[in-house]
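Please read the structure below before turning to the comments.
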Amino acid sequence: MIGVLVVIALLTLIIQKVLARRKYLQLREELGLTGPPTNFIFGNLLYMFRVIKEKGVEASPTIYPELVKKYGSTFGFECFISRQRLTSLIALFCLVTCAIHCASRFYFGAHFDIVTVDPHIIKEIFISQFGNFVDRRDSSVNTVYPFLDGLIQVGHVGSYGAGWKEIRSVISVIFTSASMKKMHLMFHDQLDNLLDVLTEKSRKNNGITDIYGEYQAMTMDMIARCALGQNLSCLKDRDNDYYTRARTFFANIQFQKSTVFQLTVFMPIFRYLRRFTTFGRAERYLVGLLSESVHERERERAAGIIRPLPDAIDLILAENEKRKLSGMQPLHHEVIVCNAWALFIAGYETTSTALAYATFLLAKHPEVQATLHEEVLSTFGDNDTIDYERVMKLPYLHAVFAETVRLYPPVTTLTGRQCIKETVIGGRIRVPVGCNVMTPVHAVHWSEENYDRPREFCPERFLDDGKPAWSATYMPFGIGPRNCVGARFAEMEFKTVMSAVIRKFIIELHPAHTELKTMTANILQNPINNELFVRLVERK
Ligand code: HEM
């Protein structure tokens with residue numbers, strides 16, 4: 001008798017899930033959108049797998065731009081997940097479905113996104129209707145500590161009461177011009193370290209250097225110093241705990257490498273297993289150190305010890321003290337830790353990727369390199385300190401920066417928003433609560449409607465108009481009130497490092513790496529194999 005009841009319960013459950021899935025798959029049609037054919041179980045995932053299987057992983061950045069060509073500027077798409085481990089995933093899925101059928105949010109397939117590169121709709125979502133789209137498109141694995149209350153993921157209501165708006169207003173104080181100038185003073189030690197390491201490399205092995213590896217170590221040193229007050233020396237000591245754990249974190253927080261990550265796409269309840277994953281364990285260790293740093297800083301401040309060069313933690317704590325004094329609820333300790341962590345991860349990989357792309361592009365375009373070198377040399381000579389005021393104003397350097405992140409945006413699909421109040425966009429598309437709208441930045445930047453010869457590296461396109469305004473056709477740092485809070489920091493770091501490197505070295509192509517091959521995974525666009533080789537020749 002019990003056996004019969006169990007079978008009936010399971011059948012009912014399966015029928016219910018199948019019907020829910022059918023209804024979900026009809027959403028795209030209901031909203032009047034087209035898109036690639038959808039598989040009942042895998043949504044559009046198989047479409048992505050097919051492209052990568054046929055053309056290789058280097059074709060991954062072309063997926064969205066090609067879809068735009070095929071289905072127009074706004075379409076519907078279900079994505080997220082890799083084929084690797086699908087077999088084990090399905091087996092596990094069947095098992096756990098029986099075990100935890102009470103999970104309330106059930107994604108049998110994947111997320112449904114409205115994808116748009118239409119400038120009018122982009123402006124609506126990210127700016128004029130921002131109030132209806134405050135939340136970022138969520139990734140289930142990130143909706144637990146230590147990500148949930150960090151700026152990258154937090155929604156309009158945070159778990160400790162402080163939502164995106166409040167947290168953003170606190171974090172923004174870190175990036176005012178006055179704070180940035182002080183942080184710039186902290187760059188110089190790291191810059192000297194970088195030049196020492198690169199000089200050594202240029203004298204060995206014919207100057208062939210994996211420049212991406214060196215930039216990654218350096219940006220970690222810089223963000224750790226400026227954001228977290230940690231004096232690391234990853235450039236010179238790759239075995240240090242921060243570096244090895246952060247590399248483990250980044251190398252493993254990927255769909256294809258983590259079964260838990262994959263499971264969260266189907267069933268968000270699995271996000272609670274984050275802490276037991278390889279990336280989760282590395283993260284827990286680093287976040288533990290951060291939490292201790294915050295406590296220590298609180299104790300110092302209470303004892304009246306104020307650092308002359310405040311880092312991000314000092315600035316957050318100072319802002320929190322002001323909040324207390326004016327009768328507002330201060331940010332909870334865990335919220336501060338989540339945000340210190342968010343700044344660390346958002347500020348590390350992205351800037352090193354942009355620097356590596358630019359270095360490669362300068363090697364590939366010696367005429368651009370010569371013009372940039374001339375500008376840097378005529379401003380700073382051979383020995384002047386590269387100071388904040390002057391480096392931020394160099395027009396050609398700015399054009400190289402702007403064009404690099406246009407042609408190879410390091411962040412491609414973080415620019416998504418989740419609807420929190422039902423609305424209509426583009427005058428016709430109903431967007432229900434919970435639905436995501438996402439703009440793939442590279443598809444916007446590679447569109448012939450927006451740029452002449454969009455796949456060519458041409459810094460001059462940013463010279464005529466001076467500083468490019470971030471807009472619906474130029475959005476390497478996103479757009480609207482929830483754009484990249486660290487954009488000016490990234491710009492400052494990029495320009496300072498690039499000036500120092502170009503002043504000291506001639507950059508040439510490595511004969512075996514004459515083409516820049518990138519791949520998109522999760523929200524980022526990285527060099528394939530996480531390495532990028534160039535040849536460095538010390539200038540006389
Ligand atoms: C070249 C380097 C960088 C690129 C290309 C980049 C790009 C982006 C993009 C596209 C977004 C999403 C914006 C949107 O949804 O409209 C974003 C968000 C964010 N970025 Fe960056 N970023 C870079 C460097 C940094 C740095 C250095 C930091 C911190 C020091 C940082 C911190 C953040 C944070 C905290 C957010 C979330 C902001 C919010 O939701 O309010 N980023 N970034």
Side-chain angles (χ1 to χ4, degrees), residues 57-58 60-65 136-137 139 151-152 175 210-220 222-223 227 246-247 249-251 253-254 342-364 397-416 438-446 451 454-455 457 459 462 468 470 473-479 482-498 501 515-534:
V57 72
E58 62 264 40
S60 53
T62 64
I63 291 177
Y64 279 114
R136 179 157 280 122
R137 166 179 181 254
S139 159
L151 209 44
I152 297 173
F175 300 103
D210 171 15
I211 197 72
Y212 192 35
E214 303 308 329
Y215 285 149
Q216 286 195 318
M218 183 216 56
T219 49
M220 186 169 298
M222 283 194 176
I223 196 73
R247 291 308 306 146
F249 172 78
F250 276 105
I253 185 163
Q254 293 179 8
L343 291 176
F344 180 72
I345 47 181
Y348 152 63
E349 182 105 345
T350 49
T351 316
S352 55
T353 311
L355 277 164
Y357 289 150
T359 308
F360 180 91
L361 290 165
L362 292 176
K364 181 107 180 157
L397 177 60
H398 188 80
V400 168
F401 166 68
E403 177 66 347
T404 302
V405 290
R406 181 199 68 80
L407 186 55
Y408 291 104
V411 183
T412 50
T413 52
L414 182 60
T415 32
M438 193 275 286
T439 294
V441 172
H442 56 310
V444 170
H445 291 182
W446 297 350
Y451 294 92
R455 299 307 302 270
F457 178 62
F462 287 110
W470 297 348
T473 54
Y474 182 69
M475 43 190 299
F477 293 96
I479 182 171
R482 198 163 183 174
N483 67 358
C484 174
V485 73
R488 278 167 55 78
F489 183 93
E491 184 180 335
M492 165 173 90
E493 189 174 358
F494 178 103
K495 289 180 172 178
T496 309
V497 172
M498 215 59 257
V501 170
E515 293 308 321
L516 178 46
K517 288 189 181 158
T518 66
M519 58 173 284
T520 47
N522 303 341
I523 54 158
L524 301 176
Q525 176 170 217
N526 296 106
I528 283 194
N529 297 332
N530 265 328
E531 56 186 23
L532 197 50
F533 286 92
V534 291

So how far is it from [X] [atom1] to [Y] [atom2], rounded to the nearest 0.5 Å?
X: S352; Y: E214; atom1: OG; atom2: CD; answer: 11.5 Å
X: I211; Y: L355; atom1: CD1; atom2: CG; answer: 9.0 Å
X: L414; Y: S139; atom1: CG; atom2: OG; answer: 10.0 Å
X: T351; Y: M222; atom1: OG1; atom2: CE; answer: 10.0 Å
X: T350; Y: F489; atom1: OG1; atom2: CZ; answer: 10.0 Å
X: K364; Y: E515; atom1: NZ; atom2: CD; answer: 3.5 Å

Less than 4.5 Å apart, side chain to side chain, heavy atoms only: is that true for [X] and [Y]?
X: M438; Y: Y64; value: yes
X: E349; Y: N526; value: yes
X: T412; Y: L524; value: no
X: K517; Y: N529; value: no
X: E493; Y: M218; value: yes
X: V501; Y: Y215; value: yes
X: Y451; Y: R406; value: yes
X: L151; Y: V485; value: yes

query: Run the side chain to side chain contact (heavy atoms under 4.5 Å, CB included) check on M498 and L397 step by step: do they pass?
result: CA-CA 8 Å; M498 215 59 257; L397 177 60; 4.1 Å; yes
Treating [X] as the side-chain partner and [Y] as the backbone partner, does any N or O pair qualify as donor plus acceptor under 3.5 Å?
X: W446; Y: P65; answer: no
X: T404; Y: A358; answer: no
X: T415; Y: T439; answer: yes
X: H445; Y: P454; answer: no

Minimum heavy-atom separation for [X] and [Y], please, with both atom names.
X: A399; Y: P459; answer: CB-O, 3.3 Å
X: A346; Y: I152; answer: CB-CD1, 3.7 Å
X: N530; Y: D210; answer: O-OD2, 4.3 Å
X: A356; Y: Y212; answer: CB-CD1, 3.6 Å
X: I223; Y: L343; answer: CG1-O, 3.8 Å
X: R137; Y: T413; answer: NH1-O, 3.2 Å

- request: Begin from the C-alpha positions of E58 and M519 and carry the test side chain to side chain contact (heavy atoms under 4.5 Å, CB included) through to its verdict.
  value: CA-CA 5 Å; E58 62 264 40; M519 58 173 284; over 6 Å; no
message: Would you say T353 and Y408 are linked by a side-chain donor-acceptor pair, where the criterion is simply a distance under 3.5 Å?
response: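 No, because no side-chain N or O of Y408 sits under 3.5 Å from a partner of the opposite role on T353.
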- prompt: Does a side chain donor of either Q525 or T518 reach within less than 3.5 Å of an acceptor in the other side chain?
  reply: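 Yes.
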Parallel, tilted or perpendicular: rings of F344 and Y348 (30°, 60°):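 Plane angle under 30°, so parallel.
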field: Evaluation steps, ring-ring contact (aromatic ring centres under 6.0 Å, His included), between F462 and Y474
entry: CA-CA 11 Å; F462 287 110; Y474 182 69; 5.1 Å; yes
message: Under 4.0 Å between a side-chain nitrogen and a carboxylate oxygen: does that hold for R488 and E491?
response: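 Judged by the 4.0 Å cut-off on N to carboxylate O distance, R488 and E491 do not form a salt bridge.
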